[in-house]
Protein chains: 2
Amino acid sequence: MVVDELRDADLDRLFQAFADATRRDIVTRVTAGEYSVSRLAEHYAMSFAAVQKHVAVLERASLVTKEKRGREQIVRAHHDGLQRARRLLDEYETIWRQRADRIADILAEGEEAL
Amino acid sequence: MVVDELRDADLDRLFQAFADATRRDIVTRVTAGEYSVSRLAEHYAMSFAAVQKHVAVLERASLVTKEKRGREQIVRAHHDGLQRARRLLDEYETIWRQRADRIADILAEGEEAL
DNA sequence: CTCATCTACAACCATTTGGTTGTAGAATAA
DNA sequence: TTATTCTACAACCAAATGGTTGTAGATGAG
């Protein structure tokens with residue numbers, strides 16, 4: 001029962017993008033300020049090309065955008081992606097909490113029955 | 001600058017676990033009620049072993065727990081994992097919002113200067 | 001006891017992922 | 001112009017991922 005294949009693929013990309021410490025760090029950095037790809041690359045013990053790939057993953061997940069400025073490519077946070085991820089986790093938590101509440105109710109009923 | 005390798009690995013596992021539609025669906029189901037592994041497997045177009053692996057991934061990510069009951073293994077949601085994920089995304093959003101506020105302030109200062 | 005059910009786990013396979021090096025183009029600096 | 005910087009992208013590689021089938025051990029039902 002695949003409800004929405006497109007949305008599923010989007011979420012796959014979104015969470016996959018977060019599933020790497022380097023990429024999470026990139027998100028943190030570009031959320032706090034402006035970075036070109038090469039400036040980002042200075043901070044990691046890996047090749048420029050590897051960082052470039054990480055940025056590409058974040059871009060496909062709609063978590064960052066790139067904007068050309070001269071010969072540089074400026075990476076910026078794209079807030080929408082973050083919001084989508086949070087909203088989904090909120091949904092899960094809401095469902096969970098409803099369940100916990102239901103259990104609490106059942107327990108309360110049980111006490112009344114005593 | 002790896003701040004906390006253990007925490008990083010935890011988060012890797014956590015988001016990786018969410019990066020698959022089947023696993024997200026499993027989380028939804030076990031959040032709403034009790035399922036044995038084989039009852040979960042009924043809902044997906046894949047082998048029992050595959051579902052077993054998905055559950056194992058969720059377990060390693062501390063998103064679900066398994067509890068033996070007779071010959072069945074009951075899968076339950078483990079709320080802490082969800083909370084951790086949400087908290088991190090909250091942090092990102094907080095940072096982002098602070099940045100947005102700072103920009104707003106700068107723009108406001110600019111208007112005063114006019 | 002015997003049979004069916006539920007689970008665990010190994011072995012295997014194709015694809016993806018995360019890294020590398022190398023080449024080439026575009027924009028800036030001297 | 002020439003050299004340097006920043007980026008893009010291809011080709012390659014090892015390891016992880018997501019699936020399969022098959023085997024075997026526990027447990028419950030008849």
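Residue numbers begin at 1 in each chain, while the letters A, B, ... track the order of the sequences.
Both A:Lys68 and A:Thr22 sit near DNA chain C, but only A:Thr22 has its closest nucleotide nearer the 5' end.
Spacing between atom CD1 of A:Ile74 and atom C1' of D:dT7 amounts to 12 Å, rounded to whole angstrom units. Protein atom CE of A:Met46 is 16 Å distant from nucleotide atom C1' of D:dA14, rounded to whole Å. Counting to the nearest Å, the P atom of D:dA15 and the CG atom of A:Asp20 are 18 Å from each other. The separation between A:Arg60 atom CZ and C:dG18 atom C1' is 12 Å, rounded to whole Å. Taking atom NE2 on B:His54 and atom C1' on D:dG18, their separation rounds to 6 Å, with Å as the unit. Rounded to whole Å, the distance from OH on B:Tyr44 to P on D:dT20 is 14 Å. For the pair B:Ile26 CD1 and D:dG18 P, the computed distance is 12 Å after rounding to whole Å. For B:Arg13 and D:dA16, the CZ to C1' distance is 14 Å, given to the nearest whole Å.
Using a 4.0 Å heavy-atom criterion, one finds that A:Arg23 contacts the sugar-phosphate atoms exclusively. Residue A:Arg69 is out of contact with every strand shown, counting any heavy-atom pair closer than 4.0 Å. Residue contacts for A:Ser38: at a heavy-atom cut-off of 4.0 Å it reaches the sugar-phosphate backbone alone, with no base atom in range.
Checking D:dG19, D:dG18, C:dT7 against the side-chain heavy atoms of B:Ala50 singles out D:dG19 as nearest. Taking the side chain of A:Ala49 as heavy atoms from C-beta on, and the options C:dC6, D:dT7, C:dT21, the nearest nucleotide is C:dT21. When distances are taken from the side chain of B:Phe48 to each of D:dG18, D:dG19, C:dA8, the shortest belongs to C:dA8. Of all nucleotides listed (C:dC6, D:dG18, C:dG18), C:dC6 comes nearest to the side chain of B:Arg71. Nearest nucleotide to the B:Ser47 side chain, out of D:dG19, C:dT7, D:dT20: D:dT20.
For D:dA8, one of the phosphate oxygens OP1 or OP2 lies less than 4.0 angstrom from a side-chain nitrogen or oxygen of A:Gln73. Contact check, A:Lys66 against D:dA8: a side-chain N or O comes under 4.0 Å of OP1 or OP2. Phosphate contact (OP1/OP2 of D:dT7, side-chain N/O of A:Gln52, threshold under 4.0 Å): absent.
A parallel orientation is assigned to the rings of B:Phe15 and A:Phe15, their planes being inclined by less than 30° (bins at 30° and 60°).
Counting only distance, with no hydrogens or angles, the side chain of A:Arg13 and the backbone of A:Ser62 share no donor-acceptor pair below 3.5 Å. Using a distance-only test at 3.5 Å, with no hydrogens or angles considered, a donor-acceptor pair links the side chain of B:Arg24 to the main chain of A:Asp8. Not one N or O on the side chain of B:Arg69 forms a donor-acceptor pair closer than 3.5 Å with the backbone of B:Ser36.
Atom CD of A:Gln52 sits about 9.0 Å away from atom CD of A:Gln73, to the nearest 0.5 Å.
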